[in-house]
Amino acid sequence: MPKNIRSAMATSSFFFTLLLLLLTVSDLFVQSRGLNFGINYGQIANNLPSPSRVAVLIKSLNVSRIKLYDADPNVLSAFSNSDVEFIIGLGNEYLQSMRDPSKAQSWVQQHVQPYISQTRITCITVGNEVFNYNDTQLTANLLPAMQSVYNALVNLGLAQQVTVTTAHSFNILANSFPPSSGAFRQDLIQYIQPLLSFHAQIKSPFLINAYPFFAYKDNPNQISLNYVLFQPNQGATDPNTNLHYDNMLYAQIDAVYAAIKALGHTDVEVRISETGWPSKGDPDEVGATPQNAEIYNSNLLKRIEQKQGTPANPSVPIDIFVFALFNENLKPGPVSERNYGLYYPDGTPVYNIGLEGYLPEMVIESKSNALSTNFLIYVFTCSLFIWELSRP
């Protein structure tokens, strides 16, 4: 074999190996940038991709946590051995039956035990926004149902792996500003007080669904859009603590902490189980646009990436589940309810927030520089290879 051909083959082999190495390193770099946020995976729709395809999308997004509103076995099976943490849900319709310890144990045996060895179930939400319904029976059933489910986990040896909580609407607060004056509604204190004691006893978080969008929609002339979208603004100062707030979500979180403290607890962590911004709404839903949704979620993810705490709790990084993964076309209510998704059901992004995802049969590109980085590496390596071949 002529010397120049052998040299070219050796050079080709070297640069091909270098290309593979650089691509691998760049992929690892991109993956390492995964954000520690959760996402709500709602399924009130008739056009969503299969759970197995969604599992690929979630993995490509580097999302580490998912919140379901049920315990869909197809979803739990699809995420086997994925290392994604799951919050699963028991709907409000189950609360009365879950008061019965034997029924609670049967539910856990059917919906948790078969999957937990391969799918990381870490939490069960018992009910969702129960206090919003002004249903005295539903309200009275909440804590006993939570206790029965927790006791079932204890009996089955799962309480160290799985905790129990419930998610509340922000409407349970009677006052939220200034944040230090946060207080629960007077009519709910008789229910929330023992609930907080239960959270403290089992060390489970207090979940709140907080949407600055609602506050802005109801009062756009008085509330700064930049304040609710995490954009530069003059903010607001709490006169009682002198703490400065540059966004509404952080003020809402600290208001919940203040309300909990007013009932004697500093041992319960507040987490945001839902927050988001709709990309479309009815004519009276001011601010529901793709541009505002993109700004809200992009800025929120930046705050999460920075591991920020709130002004009153600066050492506790905000813990947030974004709502939601997909637009859900069968949700009742105003147009906004069907348009909170980051993605359309076909896998294309509703707007661009700097995430890159892959749904099988479709590649989704975004602001992420992952693909451009790989392309530049490829071009650079090929150029070096061609230059080497052209040398005398």
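Atoms considered below: every heavy atom in the structure, side chains included; atoms not considered: hydrogens, waters and symmetry mates.
- S224 and N226 share no side-chain donor-acceptor pair at under 3.5 Å.
- Checking side-chain atoms of S148 against main-chain N and O of R99 turns up a donor-acceptor pair under 3.5 Å.
- A donor-acceptor contact under 3.5 angstrom links the side chains of Q105 and N155, judged on distance only.
- Using modelled atom types, one side-chain atom of Q193 and one backbone atom of L263 make a donor-acceptor pair closer than 3.5 Å.
- Within the model, atoms CD of Q186 and CG of N175 stand 12.5 Å from one another, a figure rounded to the nearest 0.5 Å.
- Here salt bridge (Lys or Arg N to Asp or Glu O under 4.0 Å) pairs that include residues 331-341, with residues two or more places apart or in two chains, are K331-E337.
- Shown here are the ring pair (Phe, Tyr, Trp, His ring centres under 6.0 Å) partners of Y115, two or more places apart in sequence or in another chain: there are none.
- Atom CD of Q306 has more than 12 neighbouring heavy atoms from other residues, nucleotides or ligands inside a 6.0 Å radius.
- Closest heavy-atom contact between F321 and I39: CD2-N, 3.5 Å.
- Residues V130 and L142 approach most closely at CG2-CD1, 4.1 Å, considering heavy atoms.
- Every residue was checked against the ring pair (Phe, Tyr, Trp, His ring centres under 6.0 Å) condition with Y351, not counting sequence neighbours, and none meets it.
- Using modelled atom types, one side-chain atom of T166 and one backbone atom of V126 make a donor-acceptor pair closer than 3.5 Å.
- Here the closest non-hydrogen pair linking Y216 and G287 is CE2-CA, 4.0 Å.
- N151 places a side-chain N or O within donor-acceptor distance of the main-chain N or O of Q147, the cut-off being under 3.5 Å.
- The distance from atom CG of N47 to atom CG of L330, rounded to the nearest 0.5 Å, is 7.5 Å.
- A donor-acceptor pair under 3.5 Å is formed between the side chain of S77 and the backbone N or O of P73.
- Around the OH atom of Y94, the shell of radius 6.0 Å holds no more than 12 heavy atoms that belong to other residues, nucleotides or ligands.
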Check: residues 156-164 side-chain donor-acceptor pairs under 3.5 Å, at least two apart:
none

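- Taking each heavy atom of V350 and G341 in turn, the nearest pair found is CG2-O, 3.4 Å.
- In summary, D83 and R65 do not engage in a salt bridge, as defined by a charged side-chain N under 4.0 Å from a carboxylate O.
- P49 and P345 make their closest contact through CD-O, 3.2 Å (heavy atoms, listed as atom of the first residue, atom of the second, distance).
- Between D254 atom CG and S176 atom OG the span is 11.5 Å, to the nearest 0.5 Å.
- Under the 3.5 Å distance criterion, the side-chain polar atoms of E85 are left unmatched by any main-chain donor or acceptor of S64.
- Between I172 atom CD1 and F131 atom CZ the span is 7.0 Å, to the nearest 0.5 Å.
- A donor-acceptor pair is defined here as one N or O able to donate and one able to accept, closer than 3.5 Å; no such pair exists between the side chain of T125 and the backbone of T165.
- Residues satisfying the side chain to side chain donor-acceptor pair (under 3.5 Å) criterion with D187, sequence neighbours excluded, are R185.
- No donor-acceptor pair under 3.5 Å is formed between the side chain of T237 and the backbone N or O of H244.
- Heavy atoms of other residues, nucleotides or ligands lying less than 6.0 angstrom from CG of D284 number more than 12.
- We find that R303 and D246 are joined by a salt bridge, their nearest charged nitrogen and carboxylate oxygen being less than 4.0 Å apart.
- Within the 3.5 Å criterion, the main-chain N or O of Y344 finds no donor-acceptor partner in the side chain of T348.
- With ring centers used as reference points, Y340 lies under 6.0 Å from F323.
- Here the OH-CG distance, from Y227 to L249, works out to 9.5 Å after rounding to the nearest 0.5 Å.
- Without hydrogens or angle criteria, S60 side chain to L57 main chain gives a donor-acceptor distance under 3.5 Å.
- For T241, the side-chain contact (heavy atoms from CB on, under 4.5 Å) partners at least two apart in sequence or on another chain are S180, D238, L243.
- Side-chain N/O atoms of N327 and Y343 include no donor and acceptor closer than 3.5 Å.
- With sequence neighbours excluded, the residues that form a ring pair (Phe, Tyr, Trp, His ring centres under 6.0 Å) with F213 are W277.
- In this structure, I320 and F37 have side chains that are not in contact, with every pair of non-hydrogen atoms separated by 4.5 Å or more.
- Membership of an apolar cluster is not assigned to V335, as no side-chain contact below 4.5 Å to another ILVMFWY residue is traced.
- For Q222, there are no side chain to side chain donor-acceptor pair (under 3.5 Å) partners, not counting sequence neighbours.
- Residues N92 and L138 form a side-chain contact, since some pair of their non-hydrogen atoms from C-beta on lies under 4.5 Å apart.
- In this structure V75 satisfies the side-chain contact (heavy atoms from CB on, under 4.5 Å) test together with Y41, Q43, P51, L68, D72, F79, F86, sequence neighbours excluded.
- With sequence neighbours excluded, the residues that form a side-chain contact (heavy atoms from CB on, under 4.5 Å) with N81 are Q118.
- Minimum heavy-atom separation, A71 to L76: O-CD1, 3.9 Å.
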Donor-acceptor pairs under 3.5 angstrom involving side-chain atoms of residues 205-212: please list them, not counting sequence neighbours.
from	atom 1	to	atom 2	distance (Å)
N209	OD1	S273	OG	2.5
N209	OD1	E274	N	3.4
N209	ND2	E129	OE2	2.9
Y211	OH	E274	OE1	2.6

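- Side chains of H111 and I116 form no contact here, defined as non-hydrogen atoms less than 4.5 Å apart.
- Expressed to the nearest 0.5 Å, how far CD1 of I253 lies from OG1 of T310 amounts to 6.5 Å.
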